[in-house]
Amino acid sequence: MEKLKNNPIIKAIGTQRLVALLALILLYLTFGIMNPRFATYSTMVNIFDASYYIGFMAIGICFVIATGGIDLSIGTVLTMSGLVAGFLSVNMGFPIWLVIIICISIGTLFGVINGLLVAKLGLPPFIATLGTMMLSKGIGSIITGAQSVTWKSGSDPEGWYRSIFKIKTEGGLLIPTGFLFLIAAAVLMAVVMNKTKTGRYILSLGSNKEATRLSGVNVDKYLIIAYVISGTFAGIAGLAYSTIYSTLLPGGGAGFEMDAIAGVVIGGTSMSGGIGTIAGTMIGVFIISILKTGLPFVGLQTHYQQVATGLVLIVAVFADVYRNRKKN
Amino acid sequence: MGSVMLRMKGIDKSFPGVHALDHVDLDVIGGEVHALMGENGAGKSTLMKILTGIYLKDSGTIEFEGKGVEFTSPKEAQDAGIAIVHQELNMMNHLTVAQNIFIGREMMKSGFISDSMMNKEARKLFDRLNIDIDPSETMGNLTVGRQQMCEIAKAISREAKLMVFDEPSAALTESEIEELFKIIRDLKSKGMGIVYISHRMDEIKVITDRVTVMRDGTYVGTMITKDSTKDDIINMMVGRVIYEDPKQTSSVPENAPVVLKVEHLSAGKMVKDVSFELRKGEILGFSGLMGAGRTELARAIFGADKKDEGTIYINGEQVEIKTTEDAVSHGIGYLSEDRKRFGLVVAKSVAENSTMSALSLFMKGVFIDRQKERKEAESYVKLLKTKTPSVDQLVVNLSGGNQQKVVIAKWLIRNCDILIFDEPTRGIDVGAKSEIYHLMNELVKQGKSIIMISSEMTEILRMSDRVLVMCEGRITGEIPIEEVSQERIMAAATLRNQEDNNGKTKK
Ligand SMILES: Nc1ncnc2c1ncn2[C@@H]1O[C@H](COP(=O)(O)OP(=O)(O)OP(=O)(O)O)[C@@H](O)[C@H]1O
Ligand SMILES: [Mg+2]
């Protein structure tokens with residue numbers, strides 16, 4: 001055991017991420033053994049499909065959580081972006097490239113608003129983003145006249161956008177291109193978190209805001225950047241969700257943020273700020289996507305998914321807490 | 001004097017990468033004040049944390065009142081009659097003074113917490129100790145010194161048999177230290193055993209009966225205080241003799257240009273119409289009592305707090321300093337007096353803290369150059385003799401004095417032209433202190449200018465080229481180094497404003 005603990009590979013990954021990674025593999029194997037249909041390529045694609053929107057949201061909110069804050073609005077902002085952008089495309093005939101930009105920009109806009117509320121007006125993040133959560137939920141419904149919106153289908157001349165996240169070849173083979181985007185985004189943002197000034201200051205202000213400010217750092221700016229990243233990724237998640245699932249319901253999306261937050265926390269990011277790991281977050285996200293996709297295969301309804309996610313969350317975080325306690 | 005009350009024998013303790021205590025002995029007699037001395041990181045706090053059940057020892061024995069004891073939690077130690085005043089403040093800033101003092105043993109009246117009872121009890125305690133603090137005041141509103149007095153009162157209220165003071169005086173003013181000594185003498189006369197940790201030599205001579213010296217986690221020896229000289233003790237601590245002579249004349253040339261000029265600066269309640277000049281190559285000492293507004297002045301100049309009025313000129317040009325970022329870009333650096341709260345991100349590494357203010361110098365394009373960052377941090381660890389296993393160590397694991405060195409490294413790396421040192425050697429041992437003094441002298445020789453806020457009279461006398469004294473937010477005295485004396489400083493430091501005394505602008 002002692003030897004295992006000092007293994008450099010285990011050390012580099014970190015206990016919590018290791019537990020999460022093992023849970024991920026274990027889950028996949030369990031589902032696969034219980035139902036061989038689970039371990040197929042097409043199910044894999046389904047898991048990927050579910051991972052995109054949660055994954056993008058999780059990457060973004062990881063930055064906010066690293067500052068010691070929280071962004072409750074990402075779920076409903078995702079829906080609002082999808083609704084409004086889809087509405088502009090289907091009902092107003094906006095070209096799809098513009099619609100994509102608008103979809104992401106709505107997320108960015110809410111990020112800016114959240115950032116200003118928290119950094120400049122000094123609202124507690126929980127309250128500020130609870131407010132914008134309700135705002136985005138309502139505004140989305142108002143703009144679309146409380147109607148659901150279905151994005152253009154793949155057969156439409158403008159349907160090319162669908163192959164951003166999934167390409168269907170002539171032979172009917174599905175290529176999950178979205179996975180590449182998600183991983184690319186994760187790598188990019190992991191670099192931002194660990195290797196740039198932005199990431200360094202976000203982590204250090206999450207750890208001790210006043211000391212960071214007194215080091216001559218413009219903490220408000222970096223706080224706003226964290227929320228803008230979170231919002232923008234919620235917009236990207238909105239695009240991913242719309243592309244994969246086509247239809248958005250007005251007033252939907254509340255609760256999506258909890259999947260993302262769970263993913264971040266399972267991965268080893270601390271809710272009290274100062275720590276943020278994107279690699280861990282991705283592991284957490286895939287655990288949740290597997291649970292979402294896999295439970296129906298073993299004959300369990302989606303409620304069980306909540307139970308299972310809850311258990312994994314508690315076990316993964318406890319592993320880390322336990323290790324830290326032992327160290328002292 | 002009484003019999004041996006506490007006997008710690010062969011105490012050993014390791015942290016990952018650090019052998020903090022290597023078979024250390026300590027015995028304390030009832031009715032004595034026992035000084036525990038040693039350089040930063042020698043292991044003093046660790047030894048006391050083991051005694052009080054915060055850390056578990058790896059090996060060794062502890063005997064308290066003749067019985068072998070093994071405390072596994074702070075509560076057990078408290079119940080046995082051992083109380084400690086920690087080096088770092090552990091107060092809940094949002095609670096009142098009384099609520100803080102009685103935390104964990106609240107007074108109840110018909111099932112509810114009774115604040116009025118606790119306030120009354122706290123008042124009694126303060127009266128007994130001759131401390132003037134309002135028990136219903138919110139803790140966060142008090143100065144660090146007053147908070148420390150509360151911490152001390154809290155420990156005393158536990159009616160312990162053995163009291164540990166871990167650098168209690170670091171945050172106290174001279175007069176508060178006098179208050180503290182009175183309290184200690186009183187406790188001592190009641191037969192209590194007292195362990196007193198401090199880096200201030202004069203205090204050791206005044207208040208303690210015996211001294212135990214530690215070096216690098218080992219026990220060096222124990223002596224009777226009055227039979228040993230200051231130099232003996234320092235020699236045991238650092239293995240060499242260090243001289244501390246006051247400065248005789250100013251080393252600033254007559255025609256040195258003014259680098260910083262502050263005119264009619266007012267900020268909040270604590271800074272009122274302050275004007276002064278700082279010359280190139282000068283160490284300008286700011287003396288005064290705790291709460292005189294010196295820290296507030298520094299924070300206002302640095303852009304950490306809002307200014308209400310006044311102008312600042314740097315090298316003759318008027319500048320706008322609205323944020324700390326502005327200040328740093330104008331070449332001003334500020335070392336806060338409260339390093340844990342304001343100076344450091346303690347959950348981050350030594351390297352990350354060191355480069356925090358100067359991250360731009362460590363960029364390779366948009367990326368942080370970790371290699372360069374670590375190298376620079378390492379060179380300052382060497383320069384300042386910071387005791388840490390590596391620059392990747394989290395700052396929270398460093399001893400108090402070594403944490404302070406990391407703060408200093410941060411501003412040295414930023415290479416500011418104007419440095420504001422707020423209590424630069426608080427909690428720093430004699431050896432490191434003289435290194436920091438040496439460093440400050442080096443810095444001004446290189447043409448930098450220093451504002452040094454200090455409550456330690458010897459420090460002011462030794463380092464300053466000129467002394468400004470503040471009282472109640474105003475500058476009440478300017479004394480050139482040739483004329484400076486403790487008496488003149490104290491006179492100016494208590495020069496209250498006439499208007500205020502007549503009650504016209506009383507708050
Ligand atoms: N929790 C910890 N983890 C790792 N190392 C630690 C921990 N606590 C203390 N140390 C190390 O143990 C050594 C002794 O530290 P300690 O705080 O006892 O020193 P000290 O004598 O009180 O110094 P100072 O005068 O600066 O307060 C230091 O090298 C310190 O870095
Ligand atoms: Mg200490």
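Sequence lines set the chain letters: A, B, ... in the order given, protein chains first and strands last, and positions in each chain run from 1.
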Trace of the side-chain contact (heavy atoms from CB on, under 4.5 Å) decision for A:S204 with B:E352: CA-CA 9 Å; A:S204 81; B:E352 284 181 47; 5.8 Å; no
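Looking at A:V191, only its side chain comes within 4.5 Å of chain B, counting heavy atoms on both sides. Neither the backbone nor the side chain of A:L205 comes within contact range of chain B, judged by heavy atoms closer than 4.5 Å. Heavy-atom distances place no part of B:S329 under 4.5 Å from chain A, backbone and side chain included. In this structure, chain B has heavy atoms under 4.5 Å from both the backbone and the side chain of A:N194.
Taken to the nearest 0.5 Å, the CD1 atom of A:I275 stands 6.5 Å off from the NZ atom of B:K348.
Residues A:R200 and B:E373 form a side-chain contact, since some pair of their non-hydrogen atoms from C-beta on lies under 4.5 Å apart.
Under a cut-off of 6.0 angstrom, the local environment of NZ in A:K197 is crowded, with over 12 non-hydrogen atoms contributed by other residues, nucleotides or ligands. Shown here is A:F181, whose CZ atom has no more than 12 heavy atoms of other residues, nucleotides or ligands within 6.0 Å. Atom CD of B:E320 has 12 or fewer heavy atoms from other residues, nucleotides or ligands within 6.0 Å.
Counting heavy-atom pairs closer than 4.5 Å to chain B, the top-ranked of the candidates A:D220, A:V192, A:L203 is A:L203. Taking B:A327, B:A358, B:S360 one by one and counting their heavy-atom pairs under 4.5 Å with chain A, the maximum is reached by B:S360. Chain A forms the most heavy-atom pairs under 4.5 Å with one residue out of B:D338, B:V345, B:L56, B:V328, and that residue is B:V345. Between chain A and the residues B:K364, B:R370, B:K340, the most heavy-atom pairs under 4.5 angstrom are made by B:R370.
Under a 4.0 Å N-O distance rule, the pair A:E210/B:R299 qualifies as a salt bridge.
Tested against A:S215 for a side-chain hydrogen bond (donor to acceptor under 3.5 Å, both in side chains), the candidates B:R414, B:E325, B:K410 yield a single pass: B:K410.
B:L359 and A:Y201 get closest at one heavy-atom pair: CB-OH, 3.4 Å. Across every non-hydrogen atom of A:V217 and B:M356, the tightest pair is CG2-O, 4.2 Å. The minimum heavy-atom distance between A:L214 and B:W411, with the atom names listed, is O-CZ2, 3.3 Å. Across every non-hydrogen atom of B:F367 and A:T196, the tightest pair is CD2-CG2, 4.3 Å. Listed here is the closest heavy atom pair of B:A347 and A:S207: CB-OG, 3.4 Å.
Side-chain N or O atoms of A:R213 include one that pairs as donor or acceptor with a backbone N or O of B:A304 at under 3.5 Å. Judged by distance alone, with hydrogens and angles left aside, the side-chain atoms of A:K195 form no donor-acceptor pair with the main-chain N or O of B:V366 at under 3.5 Å. Under the 3.5 Å distance criterion, the side-chain polar atoms of A:N208 are matched with a main-chain donor or acceptor of B:L344.
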